[in-house]
Amino acid sequence: MRSSSSRRRTSHTPPRKAAAVALVGVAALIAAAVQTGGATAAPQQAPSAAGKVLPGAESVRLTPAQRAELIRTADAAKAETAKELGLGAKEKLVVRDVLKDGDGTVHTRYERTYAGLPVLGGDLVVESTAADATESVVKATRAKIAPATTTAAVPAAKAEAQALGAAKAEDAKSPDVNRAPRKVIWAANGTPTVAYETVVGGFQHDGTPQELHVVTDATSGAKLYEWEAIETGTGNTVYSGQVALTTTQSGSTYNLTDGARGGHKTYNLNRGTSGTGTLFSGPDDIWGNGSASNLESAGADAHYGAQLTWDYYKNVHGRSGIRGDGVGAYSRVHYGNNYVNAFWSDSCFCMTYGDGSGNSNPLTSIDVAAHEMTHGLTSNTAGLNYSGESGGLNEATSDIFGSTVEFYANNSSDVGDYLIGEEININGDGTPLRYMDKPSKDGASKDSWYSGIGSIDVHYSSGPANHFFYLLSEGSGTKTINGVTYNSSTSDGLPVTGIGRDKAEKIWFRALTTKFTSTTNYAGARTGTLAATGELYGTTSAEYTAVQNAWAAIAVGSRPGGGGGGTSFENTADVSIPDHGAAVTSPITVSGRTGNAPSNLAVAVDIVHTYIGDLQVQLVAPDGTAYTLKAYGTGGSTDNLNTTYTVNASSEVANGVWQLRVQDNAAIDTGYINSWKLTFP
């Protein structure tokens with residue numbers, strides 16, 4: 001077995017391959033998941049003293065003016081940056097966000113255009129040193145942006161019809177095109193191609209406003225992808241008791257405008273479904289009476305939740321507002337009638353809350369407010385596509401920070417916990433909407449990653465990431481925190497020791513803002529969080545090991561040293577994978593077992609390859625049945641494939657010759673099977 005150490009590039013030399021959201025789940029989108037989006041590995045660093053952040057590693061708090069100046073500087077140098085990255089003559093960079101670390105490292109996030117057309121899935125993050133030398137680059141795609149043509153062969157009207165059809169297939173109400181097809185380059189999956197992006201408005205089947213984006217191949221008319229951009233998540237509040245609110249006085253009238261937090265305002269839609277509604281105002285500075293029947297009470301909750309979330313991101317992570325520009329979003333409460341949801345919308349830059357079943361349980365608790373506001377943060381940083389695995393990570397990010405904001409609030413009426421929506425009684429029986437310690441307790445979410453997780457609703461595919469964050473924070477096993485008892489197990493049967501929520505939240509935030517891209521999947525999230533941990537605590541730290549263990553505990557990657565429970569059978573012989581050639585196999589003979597294989601057969605794969613998107617990887621049972629572990633065209637941004645898959649092989653006899661079958665389906669890149677292992681729990 002050759003060394004399996006990473007060979008990722010961290011210099012500025014370009015790799016040669018590169019020469020608004022609802023809180024509650026709805027039907028899964030038709031489009032398949034985009035399975036790309038890795039990050040470069042962290043540089044080797046010494047372990048930090050006593051588990052503290054390495055000096056200068058964290059991002060500094062930028063004022064809006066300082067951030068604007070960094071953006072101007074990056075914008076002035078974008079042509080030179082594009083040239084250094086090896087982008088083509090027709091490609092240009094558009095600066096989207098900038099972060100700066102205490103040691104002078106700058107993380108600049110860019111969008112791309114090609115021949116003047118937006119490149120969807122072309123986003124990237126450049127990390128440069130204090131001396132302005134490019135240190136590493138994270139790309140949403142490593143495919144070269146060089147479409148065969150930028151000329152459309154099908155009319156825009158066909159794209160419109162296809163988009164409307166997609167909306168109707170989701171039982172949309174009154175769907176209508178609210179953004180005519182625009183020509184783009186679609187690069188988020190496979191070979192970049194000219195396409196149309198059409199946006200359909202109206203309402204989703206549950207009354208949530210619709211902003212459905214449908215991407216149509218402009219040369220063939222085929223649908224390439226779709227995603228939903230509406231991302232569903234002294235006052236006397238409904239859930240938080242009596243709290244202090246920052247308001248504004250105008251003459252003898254007070255209103256819910258927070259001048260200390262970017263001018264955030266809270267409006268009353270009064271059962272309407274459009275516009276901003278009416279700004280809450282009154283003759284005194286007392287809001288609501290704690291009852292859901294008093295319209296001001298939910299307004300106080302939403303205002304308080306936005307206030308807490310703003311303070312959390314500023315005080316814990318150094319970010320001033322969702323965009324980092326010091327500008328506040330706004331909140332709308334009392335949306336619709338009996339509307340059992342809440343959502344974030346980029347188009348209005350706002351959070352919106354329904355009043356729940358019977359209009360008696362407004363969805364304005366602390367964690368829900370933070371969940372929705374965090375969708376705005378994700379949209380303005382990583383921009384995780386709201387479909388497939390990236391969509392699950394998007395939802396999990398909102399759950400993660402919904403939970404951490406609740407802990408940060410330290411409110412005795414709504415104590416911090418790892419339960420999502422426990423106050424709003426959305427199920428009608430007092431149970432939470434989601435459980436981070438064991439996501440499957442809600443009846444639909446998944447505890448661990450598996451190869452088909454990108455095909456389910458994003459609110460349920462978020463489960464493994466929520467589980468990862470809980471394990472990283474608190475560890476496995478039974479424990480009671482703030483009066484809530486948790487019992488978190490692991491997919492490999494091995495324990496995980498937590499590092500504390502304070503460290504875990506710093507790691508996830510840094511990965512989100514400096515490592516994740518629009519197409520990041522679970523494998524990419526593992527790579528990104530490890531890179532973030534390495535930068536914060538060092539790659540030989542206990543924190544780095546804990547991140548590896550927590551991911552392995554949800555079946556993403558392996559533990560240090562390849563640890564795992566159960567009985568294992570391994571083949572460590574190298575098998576070369578021919579470039580764009582025939583499939584190769586590596587056998588393992590299983591013996592001494594009785595009966596059939598388990599429903600959670602662990603398949604640990606270690607493949608060294610310069611572009612894993614070219615590979616199809618299958619497990620072949622003794623009777624010849626093939627189980628696809630990784631499809632061709634997925635996972636493309638990482639160099640090597642080192643992860644553990646869980647396969648339901650319960651219909652297969654355990655004893656016999658099992659094979660790992662790998663085929664390289666495209667030219668240029670090469671590699672080999674380094675080793676692989678079957679583990680029977």
Side-chain angles (χ1 to χ4, degrees), residues 37-40 42 53-54 56-64 66-68 70-71 74 94-111 123-128 135-140 231 309-310 312-327 329 344 346 370-371 373-385 390 393-402 404-405 465 469 472 502-520 524-537 547 637:
T40 52
V53 173
L54 293 166
E58 287 190 276
S59 295
V60 298
R61 298 179 183 180
L62 298 174
T63 66
Q66 289 171 328
R67 177 179 177 272
L70 284 172
I71 288 177
V94 179
V95 183
R96 194 171 85 186
D97 196 18
V98 178
L99 295 174
K100 186 175 183 178
D101 297 343
D103 62 4
T105 300
V106 175
H107 309 266
T108 308
R109 188 177 294 275
Y110 298 92
E111 300 286 353
D123 50 302
L124 52 91
V125 183
V126 176
E127 181 180 307
S128 55
E135 190 166 75
S136 66
V137 183
V138 183
K139 294 182 178 180
E231 301 176 356
T309 307
W310 177 287
Y312 168 79
Y313 281 122
K314 184 175 182 179
N315 296 335
V316 176
H317 301 296
R319 190 174 184 89
S320 180
I322 288 173
R323 292 189 297 240
D325 60 0
V327 177
W344 164 267
D346 282 333
H371 175 109
M373 198 162 168
T374 297
H375 276 308
L377 171 72
T378 299
S379 178
N380 283 275
T381 54
L384 290 160
N385 288 334
S390 58
L393 291 168
N394 188 319
E395 268 298 307
T397 296
S398 282
D399 282 351
I400 286 167
F401 290 124
T404 60
V405 170
F469 184 81
L472 183 62
D502 290 348
K503 292 179 181 179
E505 65 189 338
K506 286 181 182 294
I507 290 168
W508 194 268
F509 183 84
R510 185 171 183 84
L512 176 76
T513 54
T514 69
K515 312 302 176 189
F516 293 178
T517 68
S518 62
T519 61
T520 296
R526 178 183 184 273
T527 303
T529 52
L530 283 171
T533 308
E535 291 169 359
L536 290 172
Y537 300 103
V547 172
S637 289

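Taking CD of Glu395 as the reference point, atom CG of Leu384 lies at 11.0 Å (rounded to 0.5 Å). Between atom NZ of residue Lys503 and atom CG of residue Leu536 there is a gap of 11.0 Å, rounded to the nearest 0.5 Å. Note that CD1 of Ile507 is 13.5 Å distant from CG of Leu512, once rounded to the nearest 0.5 Å. Expressed to the nearest 0.5 Å, how far CH2 of Trp508 lies from OG1 of Thr513 amounts to 12.0 Å. Taking CD of Glu505 as the reference point, atom CG of Leu472 lies at 11.0 Å (rounded to 0.5 Å). Separating the NZ atom in Lys515 from the OG atom in Ser136 is a distance of 5.0 Å, to the nearest 0.5 Å.
Arg67 places no side-chain N or O within donor-acceptor distance of the main-chain N or O of Ser320, the cut-off being under 3.5 Å. Side-chain N or O atoms of Ser379 include none that pairs as donor or acceptor with a backbone N or O of Gly376 at under 3.5 Å. Between the side chain of Thr529 and the backbone N or O of Arg526 there is at least one donor-acceptor pair closer than 3.5 Å.
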*Verdict with reasoning, Glu127 to Asp101, per side-chain contact (heavy atoms from CB on, under 4.5 Å)*: CA-CA 10 Å; Glu127 181 180 307; Asp101 297 343; 5.9 Å; no
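For Thr108, the side chain to side chain contact (heavy atoms under 4.5 Å, CB included) criterion is met by Ala74, Val95, Val98, Val106, Tyr110, not counting sequence neighbours. Under the salt bridge (Lys or Arg N to Asp or Glu O under 4.0 Å) criterion, Lys506 pairs with Glu58, sequence neighbours left out. Partners of Asn380 by side chain to side chain contact (heavy atoms under 4.5 Å, CB included), not counting sequence neighbours, listed by chain and number: Ile322, Arg323, Phe349.
Of all non-hydrogen atoms in Ala525 and Phe516, the two that sit nearest each other are CA-CE2, 3.6 Å. Listed here is the closest heavy atom pair of Arg61 and Gly318: CG-CA, 3.2 Å. Across every non-hydrogen atom of Trp344 and His375, the tightest pair is CB-CB, 3.7 Å. Nearest approach of Val137 to Lys139, heavy atoms of both residues: CG1-CG, 3.9 Å. Taking both residues in full, the closest heavy atoms of Glu535 and Ala57 are given as O-CB, 3.1 Å, listed atom of the first, atom of the second, then distance. Contact record, Leu54 with Tyr537: CD1-C, 3.8 Å, taken as the closest heavy-atom pair.
A side-chain contact (heavy atoms from CB on, under 4.5 Å) with Arg319 is found for one member of Leu62, Asp325, Leu99 and no other, namely Leu99.
Taking the side chain as every heavy atom from C-beta outward, Ser518 and Asn385 approach each other to under 4.5 Å. Proximity of Phe509 to Thr397: side-chain heavy atoms (C-beta onward) are nowhere separated by under 4.5 Å.
In this model, no donor atom of one side chain and acceptor atom of the other lie less than 3.5 Å apart for His107 and Asp97.
Using cut-offs of 30° and 60° for the angle between ring planes, the His317 and Tyr313 rings count as tilted.
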